[in-house]
K.L.:
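Mind looking over this structure? Questions follow.
Nothing fancy with the numbering, it's 1 onward along the sequence.
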Amino acid sequence: MKILVLHGPNLNLLGTREPGVYGRVTLAEIDRMLREHARRRHDSVECRQSNHEGQLVDWLQAAQREGFAGVVFNPGAFTHYSIALRDAVAAIKVPLVEVHLSNVHAREEFRRHSVIAAVARGQISGFGPRSYLLGLDALTAESRRPTRRR
Ligand code: DQA
């Protein structure tokens, strides 16, 4: 199974960005963990990061055409207000899991609402870099389910 991992805005700064909230692990290290985790399961991942909403929309739209069986998506701050990303997720058939490093429900009020969650297969939040690994595992488990919800 080939999985696409998308990181949204400011996640390129992981390691130095608000370490009290996001820890000291860099994005390159997270991507390495993901590739290793997938390899052990005979899957593969491709990791991409963008600070630009339109780029993320383009990658979501192309996911199926590019042969991805699922998407693990951390939309960053776009989570809370990007209708364009919400509509892109709703438009595609590829299953998608929303992930967050921090527990968005335990932070500021404006982070408690995700416009993506309702159109994602599910949401994983609060486990640091492990959120991404759990997202991968969720997609693998979903692909083995005989019936799909969306
Ligand atoms: C985040 C949570 C968002 O609220 C924030 O804007 C981010 C990171 C997380 O992974 O915890 O950029 O998506």
K.L.:
Can you sort out the partners of Ser125 under side-chain hydrogen bond (donor to acceptor under 3.5 Å, both in side chains), two or more places apart, ordered by chain and number?
P.N.:
none
K.L.:
Got Leu139 and Pro95 here, is their nearest side-chain heavy-atom distance under 4.5 Å?
P.N.:
yes
K.L.:
Is it the case that Glu98 and Ser114 place a side-chain donor and acceptor less than 3.5 Å from each other?
P.N.:
yes
K.L.:
Are the side chains of Val72 and Ile124 in touch, meaning some heavy atoms are under 4.5 Å apart?
P.N.:
no
K.L.:
In this structure, would Ile83 and Val104 fall into the same cluster of hydrophobic residues linked by side-chain contacts under 4.5 Å?
P.N.:
no
K.L.:
Excluding sequence neighbours, so at least two apart, what forms side-chain hydrogen bond (donor to acceptor under 3.5 Å, both in side chains) with Gln64?
P.N.:
none
K.L.:
Arg111: what forms a salt bridge (charged side-chain N to carboxylate O under 4.0 Å, His left out) with it, not counting sequence neighbours?
P.N.:
Glu108
K.L.:
Are any non-hydrogen side-chain atoms of Arg39 and Ser44 less than 4.5 angstrom apart?
P.N.:
no
K.L.:
Does the plane of the ring in His100 sit parallel, tilted or perpendicular to the ring in His80? Use 30° and 60° as the thresholds.
P.N.:
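Geometry flag for His80 against His100: parallel rings.
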K.L.:
What salt bridge (charged side-chain N to carboxylate O under 4.0 Å, His left out) pairs are there with at least one residue in residues 64-73, not counting sequence neighbours?
P.N.:
Arg48-Glu66
K.L.:
Tell me, do Leu136 and Ile3 make a side-chain contact under 4.5 Å, heavy atoms counted?
P.N.:
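Sidechains of Ile3 and Leu136: in contact.
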K.L.:
Should Val25 and Leu14 count as side-chain neighbours, where that means a heavy-atom distance under 4.5 Å?
P.N.:
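No, their side chains stay 4.5 Å or more apart.
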K.L.:
Taking salt bridge (charged side-chain N to carboxylate O under 4.0 Å, His left out) as the cut-off, I'd like each qualifying pair that reaches into residues 8-19, sequence neighbours left out, listed once.
P.N.:
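For residues 8-19, and leaving out neighbouring residues, there are no salt bridge (charged side-chain N to carboxylate O under 4.0 Å, His left out) pairs at all.
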K.L.:
What closest approach, in Å, do Ser82 and Val115 show between heavy atoms, and which atom pair accounts for it?
P.N.:
O-CG2, 3.5 Å
K.L.:
In the hydrophobic clustering that connects Ile, Leu, Val, Met, Phe, Trp and Tyr at side-chain heavy-atom distances below 4.5 Å, which members other than Leu13 occupy its cluster, ordered by chain and number?
P.N.:
none
K.L.:
Any chance you could measure Leu6, atom CG, to Leu85, atom CG, to the nearest 0.5 Å?
P.N.:
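Reported value, rounded in 0.5 Å steps: 9.5 Å.
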K.L.:
If I take atom CG from residue Leu60 and atom CG from residue Leu96, how far apart are they, to the nearest 0.5 angstrom?
P.N.:
6.5 Å
K.L.:
Using the test ring-ring contact (aromatic ring centres under 6.0 Å, His included), find all partners of Phe127 that sit at least two apart in sequence or belong to another chain.
P.N.:
none
K.L.:
For Asn103, which residues count as a side-chain hydrogen bond (donor to acceptor under 3.5 Å, both in side chains) partner, sequence neighbours excluded?
P.N.:
none
K.L.:
Salt bridge or not for Arg32 and Glu29, using N-O below 4.0 Å?
P.N.:
no
K.L.:
What closest approach, in Å, do Ser102 and Val21 show between heavy atoms, and which atom pair accounts for it?
P.N.:
CB-CG1, 4.1 Å
K.L.:
Are a donor atom and an acceptor atom from the side chains of Gln49 and Asn51 found within less than 3.5 Å of each other?
P.N.:
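The criterion, which ignores hydrogens and geometry beyond distance, is satisfied for Asn51 and Gln49.
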K.L.:
What pair of heavy atoms forms the shortest contact from Val119 to Ala90, and how long is it?
P.N.:
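Closest pair (atom of Val119, atom of Ala90, distance): CG1-CB, 3.8 Å.
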K.L.:
Please report the C-alpha distance between Ile30 and Leu11 in whole Å, then the side-chain angles of each, then the deciding distance to 0.1 Å, and finally whether the side-chain contact (heavy atoms from CB on, under 4.5 Å) criterion is met.
P.N.:
CA-CA 11 Å; Ile30 290 178; Leu11 293 165; over 6 Å; no
K.L.:
Taking ring-ring contact (aromatic ring centres under 6.0 Å, His included) as the definition, give me every residue that meets it alongside Phe78, ordered by chain and number, with sequence neighbours left out.
P.N.:
Tyr81
K.L.:
I need the full list of ring pair (Phe, Tyr, Trp, His ring centres under 6.0 Å) pairs touching residues 43-62, with sequence neighbours left out, sorted by first then second residue.
P.N.:
none
K.L.:
Pairs in or reaching into residues 129-140: which pass side chain to side chain donor-acceptor pair (under 3.5 Å), with residues at least two apart or in two chains?
P.N.:
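For residues 129-140: His7-Tyr132, His37-Asp137, Arg41-Asp137, Asn74-Tyr132.
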K.L.:
Using the side-chain hydrogen bond (donor to acceptor under 3.5 Å, both in side chains) criterion, which residues pair with Ser50? Sequence neighbours excluded.
P.N.:
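Scan of Ser50 (side-chain hydrogen bond (donor to acceptor under 3.5 Å, both in side chains), adjacent residues dropped) gives none.
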K.L.:
Between Lys2 and Glu46, is there a side-chain N and carboxylate O pair less than 4.0 Å apart?
P.N.:
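Salt bridge absent between Lys2 and Glu46.
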K.L.:
What are the two closest heavy atoms between Pro9 and Pro75, and how far apart are they?
P.N.:
CD-O, 3.5 Å
